[in-house]
Each structure stands twice: as structure tokens, then as C-alpha cells.
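Worksheet: the structure to be examined is printed underneath.
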Number of protein chains: 2
Amino acid sequence: MDVVELSAVRRIVPELVETLQTRVQILHRIRLMQPVGRRALAAAMGITERVLRAEVEFLRRQGLLVFHPAGMSLSEPGYALLDQLEDVLAAVEGRSELAQRLSRVLRIPRVTVVQGDSDQESWVKDTLGLQAALLLREALTDGDVLAVTGGTTMSAVAEMMPSKGPWIAVKVVPARGGLGENVDIQSNTIAARLAKRLGGTSIMLHVPDQMSPETLEHLSSEPLVQERLQEVREATVIVHGIGDALTMARRRQLSREEQAVLRERGAVAEAFGYFFNEEGTPVHAMTTVGLRLEDLGQLRLVMAVAGGGSKARAIAAAAKGYRVDVLVTDEGAARGVLGMAREMDEEGS
Amino acid sequence: MDVVELSAVRRIVPELVETLQTRVQILHRIRLMQPVGRRALAAAMGITERVLRAEVEFLRRQGLLVFHPAGMSLSEPGYALLDQLEDVLAAVEGRSELAQRLSRVLRIPRVTVVQGDSDQESWVKDTLGLQAALLLREALTDGDVLAVTGGTTMSAVAEMMPSKGPWIAVKVVPARGGLGENVDIQSNTIAARLAKRLGGTSIMLHVPDQMSPETLEHLSSEPLVQERLQEVREATVIVHGIGDALTMARRRQLSREEQAVLRERGAVAEAFGYFFNEEGTPVHAMTTVGLRLEDLGQLRLVMAVAGGGSKARAIAAAAKGYRVDVLVTDEGAARGVLGMAREMDEEGS
DNA sequence: CCCTCCGGGACGTTTTTTGTCCCTGCGGCC
DNA sequence: GGCCGCAGGGACAAAAAACGTCCCGGAGGG
């Protein structure tokens with residue numbers, strides 16, 4: 001495999017780097033939106049139809065795209081090439097380096113940074129989900145038990161999981177019981193969708209929202225629930241989102257009093273029902289059943305997926321709170337985290 | 001140092017890989033011809049003045065060129081960048097791989113292949129010389145004794161040796177005595193020129209062409225000659241050209257009888273006064289004094305410089321005949337040698 | 001069955017690229 | 001020291017490429 005030093009090339013053909021970026025971007029967006037038409041795609045990318053047309057015609061001549069009456073899609077070689085080019089682009093845009101720094105700062109072995117900021121461009125969350133889905137698919141093997149959480153990000157992961165490819169005999173389980181989310185982004189729903197696309201099975205864990213601790217205790221002793229819980233605790237891999245504490249508190253419809261408590265205890269992050277403060281200490285837990293914080297140590301792989309500048313604090317806190325093996329995030333969050341780390345360095349020195 | 005996988009890039013931005021080539025080519029030619037004007041350069045490269053002008057204006061804006069009333073030259077950063085880009089271009093054009101294969105086939109540890117064919121474009125020989133000169137300059141250290149041969153290729157090496165840079169205290173000696181060449185390309189002349197550019201000293205070894213063996217013997221026993229020979233045999237590094245046997249025989253004005261003998265014995269290569277057959281066996285030696293074939297083993301570094309498709313056979317033969325540590329050649333010769341090797345493989349199989 | 005959005009074709013306009021001059025002036029050769 | 005040649009820079013019309021914009025027949029989905 002021939003490799004080429006980058007900065008010198010950039011110096012002598014800067015336009016190469018730029019067209020490379022736009023073309024890869026186009027392939028990428030097509031992958032997300034396919035099948036998609038010229039006009040829709042041009043509008044989504046903020047370029048005019050004509051120039052996009054020139055590019056896609058080129059890409060088709062290269063055999064990377066196929067044109068249907070329903071829209072454009074990636075061809076098989078298109079998928080393959082895009083996979084390689086994503087890495088190239090990550091290097092070109094400096095996201096590789098970003099990931100490396102993040103890895104060191106957060107002490108997470110493997111970090112992937114996708115382009116953009118989920119807060120600002122909606123498609124970035126899809127990219128995030130796609131990237132996580134691809135990494136996940138690689139990591140899973142037959143017999144794995146995959147625990148998943150809810151949230152919009154995890155929903156994107158399920159949505160973007162390619163259903164082609166060999167089926168994997170996994171059991172997908174919700175990491176925790178009902179957490180008061182919209183049904184589309186509940187862990188139960190997501191587990192089901194993921195299982196379908198992976199070719200495995202899923203189970204559900206239905207418990208009502210907002211129970212009293214006593215009810216919870218009764219419920220937990222139910223044989224059926226016990227059985228389900230047993231299955232959940234056998235998880236070998238978990239994929240989960242990370243949220244901003246207060247945002248999640250509101251979405252989960254916590255009472256004003258509880259929200260006040262969270263604020264008072266300095267909660268900044270939420271993940272699978274636990275709230276963490278800036279130091280990563282758990283300061284509160286939702287009253288529900290499922291995978292517990294102390295179970296994480298048993299897992300083979302803990303993957304976190306979260307992006308957007310607004311989640312930077314939460315990601316940093318969560319990374320301190322428990323073990324994360326793989327983090328998939330975006331530029332917005334990555335720069336946010338590194339910015340925070342830099343500030344703290346400056347204070348410290 | 002960020003590196004980037006090449007073939008994928010080539011697939012998605014082929015035009016820009018081409019402009020990369022032309023721009024590097026331009027820098028390269030300017031380095032060879034500087035100071036040079038637009039028109040002369042455009043004519044030499046076979047492109048129109050206007051398009052060359054666009055390119056050099058770009059390169060100047062990038063700070064890689066400086067414009068004088070006398071013509072264009074490389075700036076300091078221009079030199080530095082070109083050095084990096086030569087490697088990039090070698091990879092892009094597949095010359096890296098060519099060199100690697102050549103290295104394996106000829107059993108020469110280090111091989112460099114420059115672009116073009118010396119037989120077809122005259123400037124390629126300059127490139128060859130430049131490349132060899134640069135490698136040589138790197139390899140030499142104070143106190144080295146450098147032996148050189150004659151020939152047009154070696155003349156190019158001397159001509160292209162940069163005279164800037166730190167001076168090196170080397171002694172440059174002709175590898176062998178007079179070999180009946182034109183004075184410009186005699187080893188004595190070349191030794192003197194190289195010494196001047198490197199900042200060292202040189203000695204001459206003047207013996208008449210075409211002596212009888214008896215005269216040679218007498219001459220060799222002369223104290224002054226003895227002394228010089230002593231100095232030559234103390235050489236630590238040798239740089240030499242390789243020639244086609246019959247061409248060299250004619251140029252050295254060997255008699256018809258001698259030429260017939262060479263032909264009969266299947267001589268295909270000539271190097272520092274020795275003729276070799278296809279298997280690399282020396283079949284004849286010029287009657288002169290200096291470094292002998294058996295002295296090569298003592299040297300720290302044996303560098304060969306030869307290019308052009310017509311020299312492929314000679315290079316292959318020479319590589320079998322004696323030890324070569326570094327070979328600098330061109331595409332024409334490289335493809336020729338590999339073509340021969342392939343044929344032999346097919347016969348053998 | 002209809003309606004929307006698809007790819008492909010077309011075309012005038014704008015922008016960029018290209019070929020071809022000329023001019024002034026420095027530098028090297030005589 | 002003077003002269004000649006080639007240097008870079010400026011200019012400009014012609015050619016080519018890129019671009020914005022619209023239209024059309026048709027396939028797919030509701």
C-alpha cells in the first residue's frame with residue numbers, strides 16, 4: 001500500500017485537498033440519504049444543483065454511484081472506496097489527531113471523531129450513528145449479548161446499522177427498563193430494531209416509569225422480571241449514549257424537586273439511568289431495573305456514542321465515571337472537551 | 001507525519017494527481033535548468049507558455065520559486081519541498097515499486113529509479129546525475145577517498161553536484177587511468193570537478209591510452225605512478241557508470257580485433273575498464289592502471305549510476321559481476337532489466 | 001390513479017483558461 | 001562599455017469550460 005506524505009501535497013496542490021473533501025462528502029451524504037435525488041442532495045449540502053451534478057456524473061463514471069429513477073445510491077465499489085476515504089479525510093481534516101488527543105485526555109483506548117457538530121447540522125447525528133454501527137458490527141460475534149440504551153443518538157445507531165452483510169447471532173437487550181422516553185427512542189424499540197438488522201433476537205424489559213422504591217422492590221422480585229434481568233446482566237457488550245444531565249432530567253420528566261437535587265449535586269452527565277457530576281461521581285440513579293454501574297466491569301466492550309458541542313461536559317464527566325473502551329463522537333464535542341481540558345491545564349499551572 | 005493511502009485518492013481525484021505530477025515536474029526541471037525563463041522551460045517540457053505561466057505563478061505565490069530578471073529559480077522552501085515531493089511522485093508513478101522489484105532481482109540493497117529514459121530525453125541524464133549526486137553527498141564524510149570513473153553519466157553527476165552546503169574534506173581520485181575518452185568526460189576531469197564542488201581535493205592519474213602490456217608494466221613500477229596508485233587503492237567509496245560493451249569498445253577506440261574478441265566472448269557490459277559477459281564474468285580488461293575488480297571488496301560503498309533502455313543488459317550483467325550497494329537508474333533501464341528477468345523466468349519455467 | 005420527485009437534456013450566460021502579442025529592462029558576451 | 005538576447009510582466013481577444021436554470025418524460029409511492 002503506497003502512502004503519501006500529506007502536508008507537502010497540500011502545499012503544492014491545495015485544490016486537490018478541497019475537491020477531495022467535497023467528493024468524499026458527497027459520497028458520504030449519499031450513503032446517508034440514499035436513494036436521493038440531485039436537488040434534494042444539493043439543497044442538503046448547500047451547493048447548487050449544477051455543480052453537484054458535475055460531481056455526481058464524475059462519480060458515476062468512476063463506477064462509485066448507481067443512478068435509479070428513484071435516486072442515486074452507492075455502488076458496491078462506492079461503499080468500499082468510501083470506507084477507505086473516510087480515513088483519508090479524517091487525516092486530511094485533522095480529525096485523526098483530534099481523536100488521538102481525545103483518547104489521551106479521556107483515557108479511552110479507541111476514539112473516533114466524525115465530521116461536523118450534531119447540534120448544528122442534523123445529518124451529523126446520522127454519521128455518528130453510522131460510524132458507531134459499523135464499529136459495532138465489526139466488534140460483535142455470534143453469541144454476544146448486546147445491551148443498548150435509548151435516546152436519539154442510539155436511535156440513529158439502530159437506524160444506520162446496515163442490514164446487509166452476514167447475520168450475527170446476537171441477543172439484544174435493553175440496558176435498563178423504561179426510562180420515560182418517547183417510544184421511538186426507547187431502549188426496547190432500539191433493541192428490537194438492532195436485532196432485526198443484525199439478524200439476532202431481542203428481548204424487552206417493560207417496567208413502568210416513575211415507581212416508588214417499594215414498587216420497584218416488589219417488581220424486582222417477580223419471577224418473570226427476575227428472569228429478564230438475569231438475561232440483561234449476561235450482556236457482553238454495551239452501546240450507550242451520553243446526555244447532558246439537566247436536558248435528560250427534563251426529558252425523563254423528573255420532578256422539579258429531583259431536578260433541583262441534581263443541580264445542587266452538580267450533575268452534568270447522564271448515562272443508562274445514572275447521573276454523574278463533573279468528577280465522574282454518580283450522584284443519582286433513576287428508579288428502574290437493569291444493568292448496574294458495577295456490572296460494567298464484567299463486559300467485554302463498553303462503547304459510548306455521543307456528539308454535539310453541548311455534550312462536551314457530559315462526555316468528559318462520563319469518561320471519568322466509568323470504563324469506556326470505545327467512544328464515537330463528533331468534531332463539535334471533541335473540540336469542546338479539548339477546550340475544557342486546556343482551560344483546566346491553564347488553571348492548574 | 002500524516003500519511004494517506006494513495007490508490008483510493010487516485011480513484012476519486014485523478015485530475016489532481018496529474019496536476020501534482022506536472023507541478024512537481026516543473027519544479028524538477030527548474031532545478032535542473034535554473035535560472036530559466038518561461039519560454040525556454042515551456043519548450044523543454046512540451047507545454048505552451050501560457051499554461052506554464054499559470055503554474056509558475058502559482059508556485060511563486062506558494063513561495064517555492066523566486067523570479068529574477070535572469071530567470072526563475074527554486075527558493076529555499078522550494079528545494080525542501082521538492083525533496084519531499086520527489087518521493088511522493090515516485091510513489092504516485094509507481095517508481096518506488098519499480099525500484100523495489102529491481103532491488104530484489106539484481107540483489108542490490110538500495111535502488112533509486114528516476115523518471116524517464118536517458119536514451120529518449122536528454123534531461124533525464126541530468127536527473128540521474130542529480131539524484132546520484134544527492135545520495136553521494138549524503139553518504140560521504142570527512143576523510144573519505146572517493147574514486148570516480150568517466151563517461152557522460154558520471155559527467156552529469158559532477159555537473160549536478162550542488163556546491164552549496166557544508167564542505168566535505170574528501171579526496172577524489174580517478175578510479176582508473178586514461179581510458180581514451182573525450183577530455184570532458186574523463187575521470188580525471190570529473191574527479192577535479194567533483195572535488196571542487198564538494199570542497200575537497202583531487203589527484204590525477206595520467207597514463208597514455210593504448211599501451212602495450214610491457215609499457216604498462218614499466219609504467220606501473222615508476223615511483224610517482226606507484227605513489228598515485230597507492231592513493232587510489234585507499235579509496236573508500238566509488239561511484240561509477242556502466243556502459244554497453246560494444247558502444248564503449250568503439251568509444252575507447254579498441255581495435256577491430258579486440259572488438260571481435262569481445263563479441264566472441266559475449267561481452268555486454270563495461271565498467272571501470274572491465275568487460276563482462278551476460279553472466280557477469282569479466283572477459284576482458286583495458287590495459288591501464290588503478291582500482292582493480294578485486295579491490296571493490298575493501299570499499300565502504302559501491303555506487304553505480306546508469307540509465308537508458310539500451311543499458312539494461314549491461315546493468316543486469318554488471319550487477320551479477322561484482323558488488324553494488326547503491327544503484328541509481330531510470331525508468332527506461334529499470335523496465336528493460338525487469339523485462340529481461342521476466343523472459344528468463346518464463347524460459348526457466 | 002395521480003402526484004411528486006427522479007435523471008437527463010438543453011441552452012444562454014458567466015467565468016476561466018489559453019494563445020499570442022508587446023514592452024521594458026537586466027545580464028552576459030563581445 | 002555597449003549591444004544583443006532573453007528575462008518577466010502586462011494586455012487582450014478567442015476559445016473552452018463551468019454554471020444557473022428550466023423543461024421533459026417517466027418511474028414509484030401514496
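Order of the sequence lines fixes the chain letters, A, B, ..., with proteins taken first and strands second; residue numbering starts at 1 for each chain.
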task = Check whether any side-chain N or O of B:Arg137 sits under 3.5 Å from a backbone N or O of B:Pro162 as a donor-acceptor pair, and report yes or no.
result = yes

ask   = From the 5' end of DNA chain C to its 3' end, which nucleotides mark the outer limits of contact with chain A, defined by a 4.0 Å heavy-atom distance cut-off (strictly under)?
value = C:dC6 to C:dA10

task = Answer yes or no: does a side-chain N or O of A:Thr48 lie under 4.0 Å from OP1 or OP2 of D:dC19?
result = no

query = Is it true that B:Arg10 and B:Glu18 have a side-chain N and a carboxylate O under 4.0 angstrom from each other?
reply = no

message = Testing the basics here: between B:Pro174 and B:Leu205, what is the closest heavy-atom pair and its distance to 0.1 Å?
response = CG-CB, 3.6 Å

ask   = Under a 4.5 Å cut-off applied to non-hydrogen side-chain atoms, are A:Thr112 and A:Thr329 in contact?
value = no

message = Under a 3.5 Å cutoff, is there a donor and acceptor pairing between the side chains of A:Thr152 and A:Lys125?
response = yes

query = Does NZ or CZ of A:Arg31 lie under 6.0 Å from the centre of the six-membered ring of A:Tyr79, at an angle within 45° of the ring axis?
reply = no

query = Listed in order of residue number, which residues of residues 14-25 of chain A have a non-hydrogen atom at under 4.0 Å from DNA chain C?
reply = none

message = Under a 3.5 Å distance rule, please check whether B:Ser75 uses its side chain to pair with a backbone N or O of B:Gly63 as donor and acceptor.
response = yes

task = Please answer whether the main-chain N or O of A:Leu65 pairs with a side-chain N or O of A:Arg60 as donor and acceptor at a distance below 3.5 Å.
result = no

query = Ion pair present between A:Glu57 and A:Arg53, side-chain N to carboxylate O less than 4.0 angstrom?
reply = yes

request  = Ignoring hydrogens and angles, answer whether the base of D:dG20 and the side-chain atoms of A:Arg53 contain a donor-acceptor pair closer than 3.5 Å.
outcome  = no

task = Kindly indicate whether the side chain of B:Ile12, heavy atoms from C-beta on, has any atom under 4.5 Å from the side chain of A:Leu27.
result = yes

key: Side chain proximity check, A:Val113 to A:Asp330, heavy atoms < 4.5 angstrom   = no

key: Rounded distance in Å - CD (B:Glu49) to P (D:dG9)   = 12 Å

ask   = Taking DNA chain D as the partner, which of residues 29-47 of chain B come within under 4.0 angstrom of it by heavy atom?
value = B:Val36, B:Gly37, B:Arg38, B:Arg39, B:Ala40

inquiry  = Check A:Arg29 with A:Glu121, please: is the shortest side-chain N to carboxylate O separation under 4.0 Å?
reply    = no

ask   = So do the side chains of B:Leu64 and B:Leu74 get within less than 4.5 Å of each other, counting heavy atoms only?
value = no

Pairwise side-chain contact, B:Gln25 with B:Gln115, heavy-atom cut-off 4.5 Å (strictly under) = yes

Donor-acceptor under 3.5 Å (B:Thr153 side chain, B:Gly241 main chain) = no

query = Do A:His28 and A:Thr127 have side chains that get closer than 4.5 Å, going by heavy atoms?
reply = yes

request  = Could you tell me the separation between the CZ atom of B:Arg60 and the C1' atom of D:dG10, rounded to a whole number of Å?
outcome  = 12 Å

ask   = Whole-Å distance between D:dC19 P and A:Leu52 CG?
value = 11 Å

inquiry  = To the nearest 10°, give me the bend of the helix from C:dC1-D:dG30 to C:dC30-D:dG1, comparing the axes of its five terminal pairs at either end.
reply    = 30°

note = Partner of B:Glu331 under side-chain contact (heavy atoms from CB on, under 4.5 Å), picked from B:Leu98, B:Asp117, B:Val124, is B:Leu98

message = Let's see if you get this right: which residues in residues 71-82 of chain B place a heavy atom under 4.0 Å from DNA chain D?
response = B:Gly71, B:Met72

Under 3.5 Å, N/O pairs linking protein and nucleotides 26-30 of chain D:
none

message = How many whole angstroms separate atom CZ of A:Phe58 from atom P of D:dC19?
response = 14 Å

inquiry  = Would the distance check show the side chain of B:Gln186 and the main-chain N or O of B:Gly150 forming a donor-acceptor pair, the cut-off being under 3.5 Å?
reply    = no

